[in-house]
Amino acid sequence: MTTSSIPDTQNTPAQAATIPADLDASKLIITPAKELKPVPPASELRFGQCMTDHILVVSYDPVNGWCAPEIKPYGPLAFDPASSCFQYATSAFEGMKAYMGPDGEPRLFRPEKNAARFARSAGRLGLPQFNHGEFLKLLKTLAMVEKRWVPMERGYSLYLRPMIVGTRASMGLSLSDSALLWVMCAPTGPYPSAPVRPLSLLAGDGVRAWPGGTGEHKISVNYGPALGPHQIALDRGYDQALWLLGDKITEAGVMNFFVALKRDDGGVGLFTPPLDGTILPGVTRDSVLALAAAHPSRTTLPDLSPSLQLHPSERVLTMPELETWVAEGRVQEVFAVGTAVIVVPIGRIGYGGKDIMLPVYEGERGLGPVGKALHQRITDIQDGLFKWEGWSVSCA
């Protein structure tokens, strides 16, 4: 047989490998809701309780990849009861906000950080990856579609909750080759909704995450098991749990933990536990560290003296160490940070059968000077009132 007589099958359509499609925002389909809901007054908003008119949905299957995204009227989603998300917790999510800028257009705060973390979380569960840039385009479009839901009042925002879950319909334990990604929105006010006061935390009742585990990912399985210890804290008169690993401090509820410590040279040390795999790399956490490092050389934070040196660092923090600092009068303030609260003070920690009382401050939010300055600067950036490092991204 000569070479010319051998059939050439390498490029025939039937045998060509099918490459699953990546996420593509240009394929977006928008199906407007026929009837729009009334937008409640800002004073009546409660976190995550009022959904907007539309939802962004896009599915993935192993043959075709990501299908055409759709923004459609908000409503229930259909799942096969055998979907892996129900059986094996293949579910990841994000939390981010859209703010109304001074130009009357919605803005997102460092959304590329959320997109990257969302993809990492999905990857930890073996769920399909997606193009971050295309995902951000879809987020911006959704925020524009729901523009009337973005509150104008300062301190209010439109909360965006992206989710991705495995939808492979099988009882067998294996990677989910099918997935559903969606983004829902809810207008929200300051969190918590009650008048802000320093939080009280109960330390040491359970472990949130273990080295080598999933603590650094925003996946659902990290949050459900935290509800039991949270209820114990409430029953004992505390607001939330302070998560420890041995005597090491990790997280405060679902927030990152910070201590501001007086230094002998007149400066302030700003400490937070290192990202050792047990701690979620919060976007607000990263922003606090960056802004503190920039003061006063690159910017002066609100109401802080330009002569005050802040020294942010990531270091192990232990409860015995915190007790010693409090007894020595070196602790200036303790606070937690996160998307919902931005910066919230901590005034009391229950540990070893007694309460550690922390410095508290008068004022609207009860924050100390460093926490207050960081809170104000971050909210100014989020609202588009202060330009910094391209952190505030217009959706228009």
Side-chain angles (χ1 to χ4, degrees), residues 113 117 120 124 198-218 222-223 225-226 229-230 233 238 240-265 267-295 309-338 341 343-359 368 370-371 374:
K113 292 282 187 181
R117 188 174 64 183
R120 288 196 303 271
R124 184 63 171 86
L199 292 178
S200 58
L201 307 177
L202 178 62
D205 214 325
V207 175
R208 175 189 171 273
W210 196 257
T214 60
E216 64 184 343
H217 301 286
K218 204 168 182 68
N222 288 340
Y223 292 81
H230 175 67
Y238 298 87
Q240 297 192 30
L242 177 63
W243 299 104
L244 305 181
L245 190 59
D247 62 3
K248 293 195 304 182
I249 298 170
T250 60
E251 293 193 2
V254 294
M255 301 169 288
N256 294 120
F257 184 90
F258 279 83
V259 176
L261 202 66
K262 302 171 187 176
R263 289 167 50 107
D264 294 337
D265 62 4
V268 175
L270 187 62
F271 304 141
T272 192
L275 299 179
D276 60 359
T278 67
I279 295 172
L280 185 73
V283 176
T284 310
R285 174 190 183 275
D286 183 79
S287 303
V288 164
L289 289 171
L291 289 170
H295 175 91
Q309 293 287 333
L310 298 181
H311 302 271
S313 65
E314 301 172 82
R315 54 155 291 178
V316 172
L317 299 173
T318 69
M319 287 303 301
E321 191 173 39
L322 181 60
E323 285 185 295
T324 299
W325 289 339
V326 170
E328 295 174 347
R330 297 180 61 197
V331 174
Q332 176 172 302
E333 51 192 289
V334 179
F335 53 83
V337 308
V341 300
V343 183
V344 64
I346 300 171
R348 177 170 65 104
I349 298 176
Y351 177 67
K354 61 182 180 181
D355 281 342
I356 301 173
M357 304 305 296
L358 304 169
V370 174
L374 290 164

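Bear in mind that the values here come from a model prediction, so they are computed numbers and not experimental data. Numbers here are sequence positions counted from 1.
- When every heavy atom of Leu201 is checked against every heavy atom of Ala241, the shortest pair comes out as CD2-O, 4.4 Å.
- Residues Leu199 and Phe335 are not in side-chain contact: their nearest non-hydrogen atoms beyond the backbone lie 4.5 Å or more apart.
- Put simply, the side chain of Thr278 reaches to within 4.5 Å of the side chain of Pro211, judged on heavy atoms.
- Residues Thr318 and Val316 share a closest heavy-atom pair of CG2-CG1, 4.1 Å.
- Using a 4.0 Å cut-off between charged side-chain N and carboxylate O, Lys248 and Glu321 make no salt bridge.
- Looking at Met255 and Thr284, their side chains never come closer than 4.5 Å, going by heavy atoms from C-beta outward.
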Step-by-step side-chain contact (heavy atoms from CB on, under 4.5 Å) determination, Val254 to Tyr223
CA-CA 8 Å; Val254 294; Tyr223 292 81; 3.7 Å; yes
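- Under the 4.0 Å criterion applied to side-chain N and carboxylate O atoms, Glu333 and Lys262 are not assigned as salt-bridge partners.
- Donor-acceptor pairing under 3.5 Å is lacking for the side chains of Asp247 and Tyr351.
- Put simply, the side chain of Asp265 gets close to the backbone of Gly267: a donor and an acceptor are under 3.5 Å apart.
- Nearest heavy atoms, Ala293 versus Pro312: N-CG, 3.6 Å.
- Under the 4.5 Å side-chain criterion, counting only non-hydrogen atoms from C-beta, Gln332 is in contact with Val370.
- With Thr272 contributing its side chain and Phe257 its backbone, the two residues share a donor-acceptor pair below 3.5 Å.
- The main-chain N or O of Trp243 is found under 3.5 Å from a side-chain atom of Thr250 such that the two form a donor-acceptor pair.
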List the steps and the verdict of side-chain contact (heavy atoms from CB on, under 4.5 Å) for Arg285 and Phe258.
CA-CA 9 Å; Arg285 174 190 183 275; Phe258 279 83; 4.0 Å; yes
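- The existence of a salt bridge linking Lys354 and Glu323 is confirmed by a sub-4.0 Å separation between a basic side-chain nitrogen and an acidic carboxylate oxygen.
- Residues Leu202 and Leu242 are not in side-chain contact: their nearest non-hydrogen atoms beyond the backbone lie 4.5 Å or more apart.
- Distance alone, capped at 3.5 Å, is enough to place a donor-acceptor pair between the Glu251 side chain and the Leu280 backbone.
- By the 4.5 Å heavy-atom criterion applied to side chains, Arg263 and Val268 are not counted as neighbours.
- Using a 4.5 Å cut-off on side-chain heavy atoms (C-beta onward), Glu314 and Leu275 make contact.
- A side-chain donor from one of Thr214 and Asn222 sits under 3.5 Å from a side-chain acceptor of the other.
- Taking both residues in full, the closest heavy atoms of Ser313 and Phe271 are given as OG-CD2, 3.1 Å, listed atom of the first, atom of the second, then distance.
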Under the side-chain contact (heavy atoms from CB on, under 4.5 Å) rule, what do Leu317 and Leu322 come out as? Steps first, then yes or no, please.
CA-CA 7 Å; Leu317 299 173; Leu322 181 60; over 6 Å; no
Run Arg208 and Leu245 through side-chain contact (heavy atoms from CB on, under 4.5 Å) and show every step you take.
CA-CA 8 Å; Arg208 175 189 171 273; Leu245 190 59; over 6 Å; no
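- Here the OG atom belonging to Ser200 is positioned 10.5 Å from the CG atom belonging to Leu358, to the nearest 0.5 angstrom.
- Between Arg120 and Pro281, the closest heavy-atom pair is NH2-CG, 3.9 Å.
- Leu270 and Ala292 make their closest contact through CD2-CB, 3.7 Å (heavy atoms, listed as atom of the first residue, atom of the second, distance).
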